[in-house]
Amino acid sequence: MGSIAKDPREDVIQAWYMDDSDEDQRLPHHREPKEFVSLDKLAELGVLSWRLDADNYETDEELKKIREDRGYSYIDFCEVCPEKLPNYEEKIKNFFEEHLHTDEEIRYAVAGSGYFDVRDVNESWIRVWVKKGGMIVLPAGIYHRFTLDSSNYIKAMRLFVGDPIWTPYNRPHDHLPARQEYVETFVNADGAGLAVNAAA
Ligand SMILES: CSCCC(=O)/C(O)=C/O
Ligand SMILES: [Fe+2]
């Protein structure tokens, strides 16, 4: 009897539709019954994902190739915990405000885990749980937010093409070219939904 091979990325990245509860943002917020979202479905929103070897990121040839292919010349690390992140409380609050960036947001969890929430084409929230070894790209112009999960810790590599611009534009910023391009490409376009993850 044949079996369908499991996507190895799903060991470190899972996604699901969120409920509407105002409970603690660090809880999973699954719907009842749970509604999982495949990583291919995420790719249709422009959200790309990889599973990488987080214990060897310094020598990882797969990461090197992704950086070369996509032009990610810049890296640094963002450790989200009170001891390591200056102005922790303010940053945590800001990360969870719905916002967009004019460039990709590229994050690779080298330790810990967290939730990147993204809006789908119908404005519903999809929660993307990124654990150690998971790397995601949020496209420029997608509305999103970030929160720690109940483990309360993530160390993320941040990557960028050239000099980094981290500016968040809190919703609404629909007039920005990056937002308009996102909507044309992934929300309104004929064939929207056909994008595929180059890494898959
Ligand atoms: C885990 S990195 C901190 C979150 C962040 O940088 C961001 O821009 C969230 O949207
Ligand atoms: Fe962001």
Side-chain angles (χ1 to χ4, degrees), residues 9 12-15 18 24-29 37 42 45-52 54 57 63 66-67 70 72-120 123-174 176-183 185-187:
R9 296 174 296 172
V12 291
I13 304 173
Q14 283 129 33
M18 294 184 73
D24 183 353
Q25 69 194 47
R26 301 182 193 209
L27 295 173
H29 285 273
V37 176
L42 281 187
L45 299 173
V47 177
L48 309 181
S49 53
W50 293 263
R51 178 187 179 158
L52 297 172
Y57 61 79
L63 175 62
I66 294 166
R67 291 186 61 189
R70 299 185 66 85
Y72 299 151
S73 50
Y74 175 93
I75 61 164
D76 71 6
F77 292 89
C78 179
E79 228 172 335
V80 185
C81 60
E83 301 75 28
K84 297 282 177 63
L85 187 65
N87 305 317
Y88 173 79
E89 292 296 341
E90 187 189 339
K91 294 256 179 59
I92 284 287
K93 192 165 163 288
N94 290 342
F95 289 157
F96 202 60
E97 287 289 326
E98 184 174 359
H99 64 274
L100 61 76
H101 304 281
T102 52
D103 298 275
E104 291 178 342
E105 175 167 316
I106 309 135
R107 299 291 185 268
Y108 172 16
V110 297
S113 52
Y115 295 128
F116 294 82
D117 298 338
V118 298
R119 290 280 191 193
D120 81 352
E123 300 282 2
S124 297
W125 281 117
I126 297 175
R127 177 148 275 193
V128 185
W129 192 19
V130 182
K131 296 182 271 188
K132 179 179 174 182
M135 174 162 145
I136 59 167
V137 173
L138 307 185
I142 194 171
Y143 283 119
H144 68 280
R145 64 189 181 189
F146 170 80
T147 180
L148 288 170
D149 61 20
S150 52
S151 74
N152 277 319
Y153 178 72
I154 191 169
K155 180 176 179 182
M157 181 188 290
R158 304 189 298 183
L159 302 95
F160 206 86
V161 179
D163 294 334
I165 302 165
W166 308 125
T167 313
Y169 294 91
N170 287 349
R171 192 163 190 171
H173 263 92
D174 297 342
L176 290 180
R179 177 63 191 168
Q180 293 182 355
E181 278 160 34
Y182 179 78
V183 170
T185 308
F186 293 104
V187 182

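In each ligand, atom 1 is the first atom listed, and ligand 1 is the first ligand listed. All residue numbers refer to positions in the sequence shown, counting from 1.
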*In sequence, state the C-alpha distance, the side-chain angles, and the governing distance for H99 and H173, and then conclude on side-chain hydrogen bond (donor to acceptor under 3.5 Å, both in side chains).*
CA-CA 8 Å; H99 64 274; H173 263 92; over 6 Å; no

*asked:* Quick check on the 6.0 Å ring-centre criterion: do Y57 and F77 meet it?
replied: yes

*asked:* Tell me if the centroids of the rings in F160 and W166 come within less than 6.0 Å of each other.
replied: yes

*Under 4.0 Å to a heavy atom of A156 - the qualifying atoms of ligand 1, by number*: 1 (C)

*For H144, atoms of ligand 1 separated by under 4.0 Å from a heavy atom*: 10 (O)

*Among protein heavy atoms, which lies nearest atom 10 (O) of ligand 1, and at what distance?*
H99 NE2, 2.8 Å

*Can you tell if the side chain of I66 reaches within under 4.5 Å of the side chain of M135, non-hydrogen atoms only?*
yes

*Kindly indicate whether the side chain of H101, heavy atoms from C-beta on, has any atom under 4.5 Å from the side chain of P168.*
yes

_NE2 (H144) - the Fe ion (ligand 2) - OE1 (E105) angle, nearest 10°_ = 90°

*Can you tell me if H101 has a non-hydrogen atom under 4.0 Å from ligand 1?*
yes

*Assess R145 for proximity to ligand 1: is some non-hydrogen atom of it under 4.0 Å away?*
no

_Cation-pi, Y143 ring and R119 (6.0 angstrom, 45 degrees)_ = no

*What N/O/S atom of H99 is the closest to the Fe ion (ligand 2)?*
NE2

*Could R26 and D149 be called an ion pair, given the rule that one side-chain N must be under 4.0 Å from one carboxylate O?*
no

*Identity of the nearest option to atom 6 (O) of ligand 1, non-hydrogen atoms only, from R107, R158, E105*: R107

_Nearest non-hydrogen contact with atom 4 (C) of ligand 1 belongs to which option: F77, F95, W166, Y115?_
F95

